[in-house]
Amino acid sequence: MATGGLKEDEATRDRRIDAATGEYRVIAPGQTFRSVTEKITRIVLTPDTPLGWFALFGVGGALATMLMVALTWLFLIGTGIWGITQPAAWGFAIINFVWWIGIGHAGTLISAILLLFKQSWRNSINRFAEAMTIFAVVCAGLFPLIHLGRPWLGYWLLPYPSTMDVWPQFRSPLMWDVFAVSTYAIISVVFWYIGMVPDFGTMRDRAESKIAQYFYGLCSLGWRGSVRHWMRYETASLLLAGLATPLVLSVHTVISFDFAVAVLPGWHTTIFPPYFVAGAIYSGFAMVLTLAIPLRKFYHLEALVTERHIDNMGKVMLATGFIVAYGYGMEIFMAWYSASHWEAFMMWNRMFGPMGWAYLVLVTCNLAIPLTTLWSRKLRTSIGYMFFISIVVNTGMWFERFVIVVTSLYRDFLPSSWGTYRATKWDYMTYVGTLGLFMFLFLLFVRFLPMIPMSEIRTMLPGAKITAKTRAEAGD
Amino acid sequence: MPPREGTYGLLAEFDTPGDLIRAARQARLDGWRRLDCYTPYPVEEAAEAIGFHRNKVPLVTLVGGLIGLVAMFALETWVSVWAFPLNIGGRPTYSWPAFLVPAYEWTILFAGLSAAFGMLALNGLPALYHPLFNAPNFRNGATTDKFFLCLEALDPKFDLSKTKAYLENFKPVSVVEVEY
Amino acid sequence: MAQIFDRSSNALARMSLVLTGLIAIALGVTLDQLQRSPWVTRQGQRPDQPAPFSHKHHVQGLGVQCQYCHVTAEKSSYAGIPPTKTCMNCHAQIWTNAELLEPVRQSWATGESLVWTKVHDLPDFVYFSHEIHVNKGLGCANCHGRVDQMPLMYAQNTLQMEWCLDCHRNPAKNLRPTSEIYNNAWEKPAEDRPVWCAVGDEKTGLPTAQSVNCVTKDPAEIASLELPAVGTQDVALNAGKDVLPLPKYEKFTSQDELGHFLLDHYKIRTPKDLTSCEVCHR
Amino acid sequence: MSETKNNLVTTIQPAPMTLDAVRQELKSVKGKRYWRSVDELANTPEFQAAVEKEFPGSAQEWVDPVSRRGFMKLMGASMALAGLAGCTRQPDEPIYPYIKAPEDLILGKPMYFATAHPFVTGAVPLLVKTDQFRPIKIDGNPEHPYNQGSSDPFTQATLLDLYDPDRSQHVTFRGENREWAEFAQEFRQKVASTKDGTGIYFLSETITSPTLARQWKAVQAAYPKATLVQYDPAIAGTVLEAGDLPVYELAEADVIVSLDADFLSGAGFPGFHKLVREYADRRKSPDKLNRLYSIESTPTTTGLKAEHRLGLRASEIPAFAAELAKAVGVAGIEPPAYAWTDEQKKFLAALAKDLKAHAGKSVVIPGLYQDTSVAGLALAINSALGNVGKTLMVSQDAVNPLPFDQFAELKALVADMNAGKVDWLVILNANPIYNAPADLEFAAAFEKAKMTAHLGSHLDETGQNAQWHIPAAHFLESWSDARAYDGTVSIVQPLIDPLYGGKTSHHILQALLDEPGLSPYDAVRQTWKATSYWQVDVKGDFETNWRKSLHAGWVEGTKFVTVSKPPTDASFKGKVPTLSAKDSLEIIFRPDPNVYDGRWSNVGWLQELPKPVTNLSWDNAALVSGATLTKYGLEEDDIVELTVAGRKVNAPVIVAPGHPDNSVTVHLGYGRSFAGRVGSGAGFNAYLIRTSDAPFYATGTMKKVEGKWGVAVTKSHIQDHRPKLFGGQGNGNNSLEADEAISERGIIRYATLAEYKADPGFANEGETHTTTDKSNSLFPNWEYKDNAWGMSIDMNSCTGCNACIVSCYAENNIAVVGKQQVRIGRNMQWLRIDTYFEGDLAAPRAYFQPMACQHCENAPCEQVCPVGATVHTPEGLNAMVYNRCVGTRYCSNNCPYKVRRFNFLLYSDYETESLKLLRNPDVSVRSRGVMEKCSYCVQRISAAKIEADKENRAVRDGEIVTACQQACPASAITFGNINDKQSRVAKLQADERSYQVLADLNTRPRTKYVAAVLNPNSELEATPVEHAPAKG
């Protein structure tokens, strides 16, 4: 379906393009409060679940089970079952951790930053983008714990009054991670849930079965849409958004500190925070596309998730992609400009060393392919191509982390201790397993929760327009 | 306390936000104070119409944030300077730049939580039971596509028949009496 | 479209929110207490031992010195558990056919060790040295409690790291004259229980014990008693001073003063040194 | 506390078993006990056999020291997970008091006893540390005139050999358990019945014990026809078997020439400890530098330390020696005609000139494994230069009390066996079936002996085939005596009861004498009571002398008498062998630097120890030059088939920098089939192609066969193909590591004597020679008031002999991880010797840099640990708190020196009983998931501090000696308090040649290195001419 987006007949195309702006409409015309509500609630409240869902759910479940197997073996035998060694003491675990966290960022960005910027087009995608964030953080959060040599002592990273009278060591970036990631997880969940409360109300009122009514009734906390509530609710959402924005920036900044604070050439650079954040959003939007495109097709949500969204996300990726490119460029420039032998050798080794191939992959996937093609609106709105791009960028961003973690480690200061890194089957099982876990959780979400925020969609419908007459009266 | 008996108020249903706002504004001008609007999505004009302008959520958030900031920074400083001072790679015991990061995170954490739970508390949620839900048409519309104005019995001006007639002036889809 | 929830549900909902909070707190408190509880630390527990040996009887009753059995306390990190021989030294003569001592005679006959259960059991990664503590003015009782009053042995203290640190951070509050190390009954000095100490020979290379000598009787009186009772007390004292010049004794009426005095003269390392990890972990 | 003896012994059921049997075995037992039994079973040869039978190939899994303990890891993990349940509640611990406490024992305080390690090249006098009478650390005897406290890898590792769980534990006859008495009885009767001892043969390792020699003489007197054969594969055919060696006095030598003599790299060379010490002493200060020339056939640390090194094929060396002899004017030499290259001629000329210039102050040392003519030539050259009596003494006595022509005797024995003349063959601590020359077909002949008995520590290849097997006692378990290289006699006294009731050769020979029951103890005393015996003059009351000797560790006045006057005529009698064709392939046989002739195959420390030069561990390999590798179209780790006189063996091939072309070095001692869980199956058996007529080098062929071997090399030497733009040479001849380390990163800093004189501060000047600037930090510098521990390592003295590493293994309970783990870079050595090959890999110079934790004052590792498991102590130690470590491994990433080691799996063996006795009680045994590293031997520091505090004094300089420092024969390592300006370490660190590695990172290491100063011969200073390029 590489060009599926283009094959449709002009007539329908035109209706979806807003004559005034020449942009795609955010929502296809002809939608009313009720129709939107119906469309979205039906997906959840329908008694018959589509078979496709079960199929995917099975796959996800299987992979998640594989993850459990891998983890059990890990806890029994030790981190030695992975490829990590001396000098490359960090491997897949940390790479995946950074990758997953990065993916999470797009969700928060869409729900928070775009909200602050009053980008109303975000409304149709922010709910599952946030869900994606949370599940991504779940997968990410797994790794810092399991990569410990003695995971059962992980709680020593929390400040609590122990009988040893010893406390965590707050100068360590890993401690910062603990707080950054946990805060990120909590705030995301809260933000996500608060956002859903009014919709839970709707679900409660639309549900037929008693169980559904109870369940959604409880979740809605008895929401009844009083405008007073709405006003406080709006304020809270804005505040949460205002908090989530610096949070999301800080989280990947802190993650980048794990590297930037270390002494290793290739890690010890000040460019990391911005370029990690940009990279995170880059891969995050890629992931949103990877999810949105099949979803809208599967659940026939083309009317709510339109080409406009795909197009805009394409633009965001283009922008962040260039920030990332700047980051790469700056690393190379600094390797030369700093006149530091460490930097120079690291860069040479990164490009032409035994693991140069990884650098090649990342340049191809992150720069060569997307940054050249995303200029074209035709391609940006071609559903098939955007799906392809989203996969490419996700791959590329994974390799970026691989290059940063491994190639900096395996050849550092003392040539005598140079080594290499080779991942084992357990590494791959764990990584693929988290993909499964993610899929598993996400499918549960689309099945049981409203994946598009109805209350926010409603505000964009023509029906929500207050007539000029009323305004006039408001005047006097 | 024994459950309240009798009428909670009168509920007028409208099809468009416009009608609701007009009615609400009029009601307020006519001196109604115990009244509220119910809409499927935030309608600021309606809030203004019933004279609801400012709320305390920001204040709560600010306080929460400050608590988080102070708590964490104090903890870090106490731990590294007094509780068990150690020479960590020759760094000073009071390494405030490093301490800023967790403190910063906790500021956000506490602020965020206070915003969310503060909002719920101020809204008096959870309130799983509410008289309005007794109204036959309320749950069908209020969270989907209908707009409601409710004049409550607690208002001194309230009189079942008069008020009903009063509401009829606004040409609502329907006016129903809501029992407790 | 009726109500889903009963009237009471509002109250319930809010109640349950509050409860969740309370339970979370309670859980935290419980765990915090649990890790310090005797169930974990074995504090105050009397494990079954092959023979019901009573420290009370031997120390208080018979006045057996600690070192008689725990020979190496002063010379080694390990205080020493007495070999069966030590028991037999006496019990070959007395209580020769006491039922309680059967295991001991068994061990003596068969050459199989008496298998005691450790009461003061530190983790294997903790390197505790009896010799340095005993030589620097910490009495047996400081850690092991009033062993002379324990019919059956039990741990007086938790032996947890926080307990060790408590003293390593401020040794002064527990120091006593080296002459009183084995005196289980020693009590901290007080107004009615003063201690007099004089600085002894402090040139380096000598054992700590010689750097200070302390007495619990007023040295002035001791001196005066040795004099013929001529004239008044103070005359006698003055005379005494002329006759035999006493070493300069300082009087201490509080553990704090005494502790800091000994801290200086026993050359005890600073808390910074004593709380450094490598002191106990290698 | 104290383990009772009997529960150490884990018995082995000899009955063959199947896996069903195993299942039966295990059905009964449950829980922890279950795993324990599995482990015990897994160790039994029967079990391994069973596994081999039912799953061919997978047996390795069970033998591999790490994966064998897979079960244990499961247990460990599940117990650890139990810890998740919140509380870490310890189980009850029992105490086992003594019944009667030993008189002089203070539990918790170590005791030291003097003894000696009897070794074929001369005994190594020892001072052994014991804890509750368990030997836990072996070190040289500091008072002994010969080694003055130094030791070597072999000696250090004999400790683990003592506790080897695979030692044989029972007297057996045809596999059935028997008693020693039964054997003694039967043997004595049989021999008696022969009247004159006809048909009684003894095959022994080289006899070094005067008492044993005396006992043998007694046996001979009683049974004249009884025959004794001595055989040591590493000694047979060398000048050593005759035993008369010159004693070199390197202290006096300004110029040292090694003719294939590897006297700096291990105890394999007679007098190693003395020679290294004297060599190193002259390297300590630039104003008394000596100069070392090395002409060698295979790269050794000796050659790579040399100012000038010439790689020659083994067969060329006698001829070269002859040329040299001629050049320095030895009479009557006719060197065989040979086409020497210009480079070689130039080298010869310069060398000869330098030698003449230093007549009387030079010495030429012949190689042990060269043609005997080289020894003759060397002596001739030395006497021609008038060195005899100055730099070398000729001794009249031999280390070996019973000189033999070992090959000849062995041949004779085989002939007799084949002729059926052998009724009883008693093998004393030898393993001929494994290591006899292939051409003798020993195993076949062995079958023909009517009755065979084997005394050995293991049920090895020979033990498997012998009818009687008697477990041999380790030297730490037995009474004996031995002579050091300088002749001084040491009494070997036991430090522990024989763990498995082992016997010694003394028992066996004594069994034939008048008092068969006489214990070795009495035998040894008898020897030394007879003062007339062996020209030893023991004055005064015997008991006093005896006790004095035991206490001191040697017998006064037993040093060899050496003659200092040169031999009457210095001309050379021998004959120089003809050279093999230039393009023929020479195969060189050398005893392995780690497991020697195979006797230490089952010592994990030595197996895992990276060999000097190649850094190969767990295997031996065919070592070739890069050019030869290319010529045969090979790649490293390929498998090649080596053929000598029709005999074949498959070996992995790796490049040894500086190896002569057209020549292969193979190390003996590998390819054992019955070494034990560690040694069996490691490497290949080079004895299979070694013949008695060409024991040290033969011509043969090499061809590639399918497959890769999978060698474990701990350090890479990648060829530097970087273009000039990136700071490379472009040609792939150099080592990338060395180019980086020396020219770019200032890790190795050195100067020639001339350069040093011109600029003494060279080590801390120049762009890459960065230094620490205390003022360049954003935050205030931390103050270290009282003690400040620091270390200084002399790069000029270190010869990379690895003694320090093995010593560290023993002192710090370091785990052995197994080949597979080493291959992926997980070896646990806290201390490693970084080797950098400077210049063309075909003719490099190497720099050996011992690298352990640098104890940086601004330690990057500490700042990144989230739980504060690694922190700085007030005395500046970088402390690693194992029990606090959660295993993020961040510290390791952030360590610029990569000296931290992580327990990726459960490496420490908590199960094997005998290994528990080995542990140093003052050091925690690290469990899975914990980081560890060099602690500057903090346990020794603490002990010293406690002693000092008890006496209210400061710790004295030299009171604390780290394990590596103690073992180092070159005393290249110095440790102490750098705040005490009078301490040795403070002085060294103040030396302008001292530098810090990676100083530009401002980590402020407490370990400083003293930059090397070389003393090259100006005529040879030009870099060696280009060689055939190595393969890239």
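Each chain gets a letter, A, B and so on, in the order the sequences are listed, and its residues count up from 1.
Neither the backbone nor the side chain of C/Pro47 comes within contact range of chain D; no heavy atoms are under 4.5 Å apart. Interface remark: C/Thr72 contributes side-chain atoms only to the contact with chain D (heavy atom separation under 4.5 Å). For a residue to count as touching a neighbouring chain, one of its non-hydrogen atoms must lie under 4.5 Å from one of that chain's; by this rule C/Asn135 touches chain D with the side chain only. With a threshold of 4.5 angstrom between heavy atoms, D/Thr873 approaches chain C through its backbone and through its side chain. Only the side chain of C/Ser129 comes within less than 4.5 Å of a heavy atom of chain D; its backbone N, CA, C and O stay farther away. Both the backbone and the side chain of C/Lys272 come within contact range of chain D, judged by heavy atoms closer than 4.5 Å. Neither the backbone nor the side chain of C/Gln49 comes within less than 4.5 Å of any heavy atom in chain D.
Counting heavy-atom pairs closer than 4.5 Å to chain D, the top-ranked of the candidates C/Ser37, C/Ser77, C/Pro207, C/Ala79 is C/Pro207.
A salt bridge links C/Glu278 with D/Lys945: the distance from a Lys NZ or Arg NE/NH1/NH2 to an Asp or Glu carboxylate oxygen falls below 4.0 Å.
Closest of all the heavy-atom pairs between C/Tyr266 and D/Asn952 is O-OD1, 3.8 Å. The two residues D/Gly108 and C/Ser76 have their closest heavy-atom pair at CA-OG, 3.6 Å.
Side chains of C/His281 and D/Asn883 form a contact here, defined as non-hydrogen atoms less than 4.5 Å apart.
Remark: side-chain polar atoms of D/Ser924 are paired, donor with acceptor, to backbone N or O of C/Arg282 under 3.5 angstrom. Between the C/Ser113 side chain and the D/Pro97 main chain, a donor and an acceptor come within less than 3.5 Å of each other.
C/Arg269 meets the salt bridge (Lys or Arg N to Asp or Glu O under 4.0 Å) test with D/Asp786, D/Glu875, D/Asp949; sequence neighbours excluded.
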